[in-house]
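None of these values were measured; they are calculated from a predicted model.
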Amino acid sequence: MYSFSPKLKSTSIILLVVGLVLFAVGFFMNKGISTEKIEHMMEALHASGHNAPTHSSEMTGPQDHQAHLEHATLQVHNQPLASIHFVAVFFFGVSCCVLFFYCIQHAAHAGWPIIITRVMEAIASYIPWGGAILIIIMILNITHNGHLFHWMDPELTDPESGHFDVILFEKKRFLNIPFYAIRTIIYVVGASFFAWKLKAMSKKVDETKSRLDYQFLYRWAVGYIAFFGFASAAWAWDWLMSIDPHWYSTMYIWYSMVSCLSSGIAVIILLSVFLKKNGFLPQFNDNHLHDLGVFLFATSMLWTYTWFAQFMLYWYANVPEEVNYFFGRFEHYSSTFLPMLIVNFLLPLLVLVSSSIKRNYKVVTVMAIVVILGHILDYFNMVMPGTVGPYWNTPEVLLLVLGSILFVAGLFMLTVLSALTKLKLIPTGNPYLHESEIYEYPF
């Protein structure tokens, strides 16, 4: 059994508390920004010649000074909610993707990863906690205490309003507040249920060692794969792509999901190596690390393919209503948008392409940390341009983003390691355990 050391528990609590404090400081700094200061920020931005829109709403409706000021005010005051939103969606997605990876192994009757079964179950234990944060964010948005989603403004779908938007009116059957709230609850409750059920079935297999119970575990794993396939696509639309409801991409659901899947495999690597080095999981060996390294490399390349395919299609089509999504990021987020390709593509390609290096614990662990940080940056680039726009390079945003990351990372660490203490690390009832113990990569 794993024992959660007091020192590590204190570290996770300190991260959580420090994150809350930094977020609170950034929140009050943001609330102290006056209309006059926002107007100065807007005028300075326009004077510099950087006028590329980061959201389709900037190209519709009135285009006078007052309208621009109202839009800039919403963007500036979106900073706190946008900061916690992208981090919350990312970590929830990571946990759900780890459970998806877990279920794929069961559905394929794969023998090699049985040693790390409990690692994946512990990571999936974060799902209800991460989901609770997202439900709180959802409530803030639907009660109009947050303005991350432009389409929630009732004036935009009212034909009698001067701000009427025909595109949003046509999408109203899907993008409406009650249906959005219901879908969010379905995602969170559904994923939480499967995380609980799969852990319960896995524990039962250990107790009974029954092939029939293992068959039920297999069936529930297939059920989650089907649920995840639909839910991950829909929450990418709801929580991320609908931030700019005029813009859409057929590659987006794969792009956002693979970002979390790559990060999820990186988290599995970190936790497995940590348990190995501290003597809790001696059965984990170079061969298991190698296969996880293969998946880390493969998902990094798959993420690059989806990112490039999405970008290439829009660049090739050159439709003005669509390219503003990228043009605004090139102009206002030049220091984060393209440079993330270095950590998410170039470094994994150069470092992990070698088969032998995938057995090096230090190198693979460092690359796992790099990949996680790179995809946090990726989600930052997904959310912030459409919510905060060009008003992100400020001290309060730094505090808000850093606070959000530390808070959620601390909660994630506390939840996952606490769950691990309640699990038997070796799934002795699994019929493929022996295969995993003697597994050796043949090349």
Side-chain angles (χ1 to χ4, degrees), residues 19-87 136-137 139-156 158 161-165 168 243-246 324-325 327-337 380-405 407:
L20 271 177
V21 171
L22 290 177
F23 185 86
V25 173
F27 177 82
F28 286 112
M29 287 175 65
N30 175 267
K31 290 301 175 185
I33 299 175
S34 64
T35 304
E36 290 75 17
K37 185 176 179 181
I38 295 172
E39 189 166 13
H40 290 317
M41 292 166 65
M42 183 185 73
E43 290 173 350
L45 185 72
H46 290 168
S48 66
H50 295 291
N51 297 312
T54 53
H55 195 282
S56 59
S57 63
E58 297 176 60
M59 301 186 294
T60 59
Q63 298 295 316
D64 57 13
H65 177 81
Q66 186 59 34
H68 288 164
L69 180 59
E70 288 176 6
H71 191 79
T73 302
L74 283 176
Q75 288 181 318
V76 169
H77 291 307
N78 270 339
Q79 291 172 356
L81 198 57
S83 299
I84 189 67
H85 178 75
F86 89 83
V87 180
I136 292 170
I137 293 172
I139 292 170
L140 291 173
N141 280 300
I142 66 175
T143 56
H144 303 293
N145 290 301
H147 303 281
L148 298 186
F149 301 99
H150 178 63
W151 57 265
M152 288 187 179
D153 185 348
E155 289 191 12
L156 299 175
D158 179 6
S161 169
H163 296 278
F164 177 66
D165 189 323
L168 297 187
I243 285 172
D244 192 340
H246 280 206
N324 73 282
Y325 179 87
F327 190 41
R329 283 161 172 76
F330 285 148
E331 188 164 317
H332 303 297
Y333 287 75
S334 58
S335 60
T336 63
F337 187 58
F380 175 90
N381 287 321
M382 287 188 209
V383 172
M384 299 300 275
T387 54
V388 174
Y391 308 105
W392 68 276
N393 200 5
T394 60
E396 58 269 15
V397 171
L398 176 62
L399 291 173
L400 288 165
V401 170
L402 185 59
S404 297
I405 292 172
F407 169 74

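- With sequence neighbours excluded, the residues forming a side chain to side chain contact (heavy atoms under 4.5 Å, CB included) with K37 are I33, S34, M41, listed by chain and number.
- Looking at L140 and L148, their side chains never come closer than 4.5 Å, going by heavy atoms from C-beta outward.
- Under 3.5 Å, the side chains of D165 and H150 contain no donor-acceptor pair of N or O atoms.
- Among residues two or more places apart in sequence or in another chain, the side chain to side chain contact (heavy atoms under 4.5 Å, CB included) test is passed with I142 by M138, M152, I177, Y180, A181.
- Side-chain atoms of N141 come within 3.5 Å of backbone atoms of I137 as a donor-acceptor pair (strictly under, hydrogens ignored).
- Not counting sequence neighbours, the partners of E70 by the side chain to side chain contact (heavy atoms under 4.5 Å, CB included) test are Q66.
- With sequence neighbours left out, F28 forms a ring-ring contact (aromatic ring centres under 6.0 Å, His included) with no residue at all.
- For Y325, the side chain to side chain contact (heavy atoms under 4.5 Å, CB included) test picks out W247, Y252, R329, with sequence neighbours left out.
- Partners of N78 under the side-chain hydrogen bond (donor to acceptor under 3.5 Å, both in side chains) rule, at least two apart in sequence or in another chain, do not exist in this structure.
- Under the side-chain hydrogen bond (donor to acceptor under 3.5 Å, both in side chains) criterion, E39 pairs with H65, not counting sequence neighbours.
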Could you give the side-chain donor-acceptor pairs of residues 389-403 under 3.5 Å, partners two or more places apart or in another chain?
from: W392; atom 1: NE1; to: H332; atom 2: O; distance (Å): 2.9
from: T394; atom 1: OG1; to: E396; atom 2: OE2; distance (Å): 3.3

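- Remark: side-chain polar atoms of N30 are paired, donor with acceptor, to backbone N or O of V76 under 3.5 angstrom.
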Listing, residues 380-388 side-chain donor-acceptor contacts under 3.5 Å, not counting sequence neighbours, or none:
from: N381; atom 1: OD1; to: T336; atom 2: OG1; distance (Å): 2.7
from: N381; atom 1: ND2; to: T336; atom 2: O; distance (Å): 3.0
from: N381; atom 1: ND2; to: L377; atom 2: O; distance (Å): 3.3
from: T387; atom 1: OG1; to: V383; atom 2: O; distance (Å): 2.9
from: T387; atom 1: OG1; to: M384; atom 2: O; distance (Å): 3.3

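- Residues that satisfy the ring-ring contact (aromatic ring centres under 6.0 Å, His included) test with H85, not counting sequence neighbours, are F149.
- Closest non-hydrogen pair, G146 versus L81, comes out as CA-CD2, 3.6 Å.
- Rounding to the nearest 0.5 angstrom, the gap separating the CD1 atom in I38 from the CD atom in E43 is 12.0 Å.
- Among residues two or more places apart in sequence or in another chain, the side-chain hydrogen bond (donor to acceptor under 3.5 Å, both in side chains) test is passed with T143 by N145.
- Atom NE2 of H144 has more than 12 heavy atoms from other residues, nucleotides or ligands within 6.0 Å.
- For S334 against F330, the heavy-atom pair with the smallest separation is CB-O, 3.2 Å.
- Here H147 contributes atom NE2 and Q75 contributes atom CD; the two are 12.5 Å apart, rounded to the nearest 0.5 Å.
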